[in-house]
Amino acid sequence: MNFRKRTAHCGELRPSDAGRTVVLNGWVNARRDYGSIVFIDLRDREGVTQVVLDATDNPELAANLKDVRSEWVLWVEGAVRMRENPNPKIPTGLVEIVVRDAGVINRSEVPPFEIVDDLQTNEELRLQYRYLDLRRPTIQQKLLMRSRLASVTREYFSAEGFAEVETPVLTRSTPEGARDYLVPSRVNKGRFYALPQSPQLFKQLLMVSGFDRYMQIVKVFRDEDLRADRQPEFTQIDIEMSFVEQSDIMAMTERYVQHVWKRLLDIDLDLGFRQVTFADAMNTYGSDKPDLRYGLPIVDVTDYAASSSFVVFKSAADAGHVVKALRIPDAASFSRKQIDELTDLAKTHGAGGLPYLKLVQGEVSGSFSKNLPPDEATTLLSACSAADGDLVLFAVGEWERACTILGALRIEAARRLDLVSKTTTPYSMLWITEFPLLEHDPEEQRWVARHHPFTSPMTEDLHLLESNPGAIRARAYDLVMNGYEAAGGSVRIHDSTVQQRMFDLIGMSVEEANAKFGFLLKALKYGAPPHGGIAFGFDRLAMVLAGTNNIRDVIAFPKTTSGLSLMDGCPSDVDDKQLAELGIALRQ
RNA sequence: GGGAUUGUAGCUCAGUUUGGUUAGAGCGCCGCCCUGUCACGGCGGAGGUCGCGGGUUCGAGUCCCGUCGGUCCCGCCA
């Protein structure tokens, strides 16, 4: 196929180029045919340029291009000239190309959906024809932003003395954490590799080796159910540092984020991101990843509940549970239906119901106002700082449960009141610190690591290691951006004895620990430096930067919520021959 | 594993509540016309396994059962 190569792309021509003869290559974005004059909008990654073909000047060429339709690929040669009727909507709108010669490089079938930014098509079809979906400028911009993020990241960490070291993708399956994706070994039949959930152990071993500062942009895999912000394979910016403590890692991370925001968004972020302890975050926002672009704090009213006439509150307080309240300003106008929807939401998070009070022109109403003497209602509402026109929602129960319920309602209320669009702080950055080291798994009847079992306990809580494990706080920290857990890390245990005690605590025998993590325990005995690190969810970071709340928008070829790839149809069946080579028989 | 919601023309959706003639609209597509459009315009036209399978019924897009996808959420995700 003959075509003339471009001398300009479709987004660059301006009035100063008038008079130049250029060649463009691109896709037909739109065609407007007037018979003796035809306009063709030619599109490439950089933009759109209008091309004019005058049939009276060039009848032969016009006849050749008569069939041209959307998404055909053309080359076009002609002079740049000022437009009679400029189009202020596009950057090249002041100029156009008068075609002198042109040709069809490739034809296109009629696409299943139009290649436009404000596409209404369902995601199923878009994913099936992902290569067409990716022609849309909005998606391209997001992926180009992701590309720049990767460049800026490497540039920053390289300048800070970090070495990028690759770690294996075929690794050992380990207990704890997410389900592993397994890869059968042909050479060693009946045995399996696991795809890494993170390069955690390898980066710690690199610290033992003395690499001192490591970072890697790396794919990791977790075989768990998906969400709007979760894919089975995703990318981490994995970071580890030696001879540091928590504050050093957090400070380094903040400087990186500041650098990224400056370079990619030209926004100046102040260092010293807000820090909130896990306990405070749960108490005040009902979440360990609160979105602080808006307020809506939760208050504790357990003290008032203890002497309440409302039996639900009273008995909760007597049982050692808590009563929490969420005041939603100007929401007393919520209808019965809207309250029912909020109640359903509360129930999905484990609430029995949703007690609420409304204050309208001094009158108290609500689901339990009849069970509450007026003076008690007044006291309770003032404890919640409720003003006229407010709605107050209550959650009753075990501490973390009650907090979580109101945390979910807080997000929903913000959505309904459209608080995010009204914010004066478009980016909310905060650290969550002092996570519990362990949590109790009622199913397995044992303690499990909340972060991972290599996380160091806070020094001042070490004495609780055997007496009160649930109260131990970890030297762990999450960086939360606009309500997303963007990064998480910890200072690691660098002492093999402490590491062994940790394994004991989560019910792992010495034998098992040695079998599964013996290489780490051994390595820690050969002069391990104090070390710690953090890992960013690269996709989530790209999401926040690109201003989307769908992780699939920043992944070129994502999977659906059931883990399918609709374009190539994986996962797929494999031949019996392949299974036989691997020594695998499928069971029904 | 569970819940909610969704699937009708190439696309977006209406029609399903209360089963009943030939399943509609906008956009797109095809043909003709048009010299300044850029959401071009005008005239005409084609296009449907109502996701799939089974059932109830004289009759199913509509009711019932099952199933396969999409989206969101709970559990899960160190």
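To find a chain, count down the sequence lines: A is the first, B the second, and so on, and within it residues start at 1. Keep in mind the model is a prediction, meaning the values are calculated, not measured.
Among the protein residues, Ala30(A) comes within range of no part of the nucleic acid, since none of its heavy atoms lies under 4.0 Å from any strand. Residue contacts shown for Pro453(A) include a base, since a base heavy atom lies under 4.0 Å away. Within 4.0 Å of Leu226(A), counting heavy atoms only, lies no atom of the nucleic acid at all. Base engagement by Ser198(A) is indicated by at least one non-hydrogen atom pair under 4.0 Å involving a base atom. Within the 4.0 angstrom heavy-atom criterion, base atoms lie near Pro86(A). No engagement by Arg415(A) is indicated, since no non-hydrogen atom pair under 4.0 Å with the nucleic acid exists. Counting any heavy atom pair closer than 4.0 Å across all strands shown, Glu84(A) reaches a base atom. Among the atoms of the strands shown, only primed sugar atoms or phosphate atoms (P, OP1, OP2) are found under 4.0 Å from some heavy atom of Leu564(A). The residue Phe113(A) sits apart from the nucleic acid: no heavy atom pair falls under 4.0 Å. Residue contacts for Asp33(A): at a heavy-atom cut-off of 4.0 Å it reaches a base atom on one of the strands shown.
Atom CG of Leu94(A) is separated from atom P of G36(B) by 20 Å (rounded to the nearest Å). In this structure, CD of Gln197(A) is placed 12 Å from C1' of C76(B), rounded to the nearest angstrom. One atom, CD1 of Ile405(A), and another, P of C73(B), lie 18 Å apart when rounded to the nearest Å. The distance between atom CD1 of Ile115(A) and atom P of A39(B), rounded to the nearest whole Å, is 18 Å. The separation between Asp478(A) atom CG and C77(B) atom P is 15 Å, rounded to whole Å. For Lys347(A) and G3(B), the NZ to P distance is 16 Å, given to the nearest whole Å. In this structure, Arg31(A) atom CZ and G36(B) atom C1' are separated by 16 Å, rounded to whole Å. Between the CD atom of Glu400(A) and the C1' atom of G75(B) there is a distance of 14 Å, given to the nearest Å.
Donor-acceptor pairing under 3.5 Å, judged by distance alone, is present between the side chain of Glu96(A) and the base of G36(B). A donor-acceptor contact under 3.5 Å is formed by the side chain of Arg230(A) with the base of C76(B). Taking only distance into account, the side chain of Arg83(A) meets the base of C38(B) through a donor-acceptor pair shorter than 3.5 Å. Interface remark: the Gln50(A) side chain does form a donor-acceptor pair with the U37(B) base, using a distance-only criterion of under 3.5 Å. For C77(B), the base has no donor-acceptor partner in the side chain of Arg222(A) [N/O atoms by modelled type, under 3.5 angstrom].
Nearer to the 5' terminus of RNA chain B, by closest-nucleotide assignment, is the contact made by Pro112(A) (compared with the other of Arg401(A) and Pro112(A)). Looking at which nucleotide of RNA chain B each of Arg179(A) and Ser70(A) is closest to, the 5′-most match is held by Ser70(A).
A donor-acceptor pair shorter than 3.5 Å can be found between the side chains of Tyr214(A) and Asp238(A). Using modelled atom types and a 3.5 Å distance limit, the side chains of Gln204(A) and Gln200(A) yield a donor-acceptor pair. For the 3.5 Å distance criterion, the side chains of Arg492(A) and Ser490(A) qualify, holding a donor opposite an acceptor. Side chains of Thr167(A) and Gln216(A): a donor-acceptor N/O pair is present below 3.5 angstrom, by distance only. Side-chain polar atoms of Asp495(A) and Thr497(A) form a donor-acceptor pair below 3.5 angstrom.
For the pair Ser562(A) and G70(B), the criterion of a side-chain N or O lying under 4.0 Å from OP1 or OP2 is met. Residue Asn122(A) places at least one side-chain N or O closer than 4.0 Å to OP1 or OP2 of U12(B). In this model, the phosphate group of U71(B) is approached by a side-chain N or O of Arg552(A) to a distance below 4.0 Å at OP1 or OP2. Residue Arg227(A) places at least one side-chain N or O under 4.0 Å from the OP1 or OP2 atom of C74(B). For U35(B), one of the phosphate oxygens OP1 or OP2 lies less than 4.0 angstrom from a side-chain nitrogen or oxygen of Ser36(A). Within the structure, a side-chain polar atom (N or O) of Thr561(A) is placed less than 4.0 Å from OP1 or OP2 of U71(B). OP1 or OP2 of G70(B) sits under 4.0 Å from a side-chain N or O of Thr560(A). A close approach under 4.0 Å does occur between a side-chain nitrogen or oxygen of Arg69(A) and OP1 or OP2 of G31(B).
Nearest nucleotide to the Ile37(A) side chain, out of C72(B), U35(B), G70(B): U35(B).
Rounding to the nearest 0.5 Å gives a distance of 12.5 Å between CZ of Arg45(A) and SG of Cys10(A).
Ion pairing between a basic and an acidic side chain is recognised when a charged N comes within 4.0 Å of a carboxylate O; Arg415(A) and Glu341(A) show no such pairing. Salt-bridge formation is not detected for the pair Asp478(A)/Lys289(A): no Lys NZ or Arg NE/NH1/NH2 atom is positioned less than 4.0 Å from an Asp or Glu carboxylate oxygen.
As the counterpart of G69(B), U6(B) is assigned, both hydrogen-bonding distances of the Watson-Crick or G-U wobble pattern falling under 3.5 Å.
For the pair Tyr34(A) and C34(B), the ring geometry does not qualify as stacking, because the centroid separation below 5.5 Å and plane angle under 30° are not jointly satisfied.
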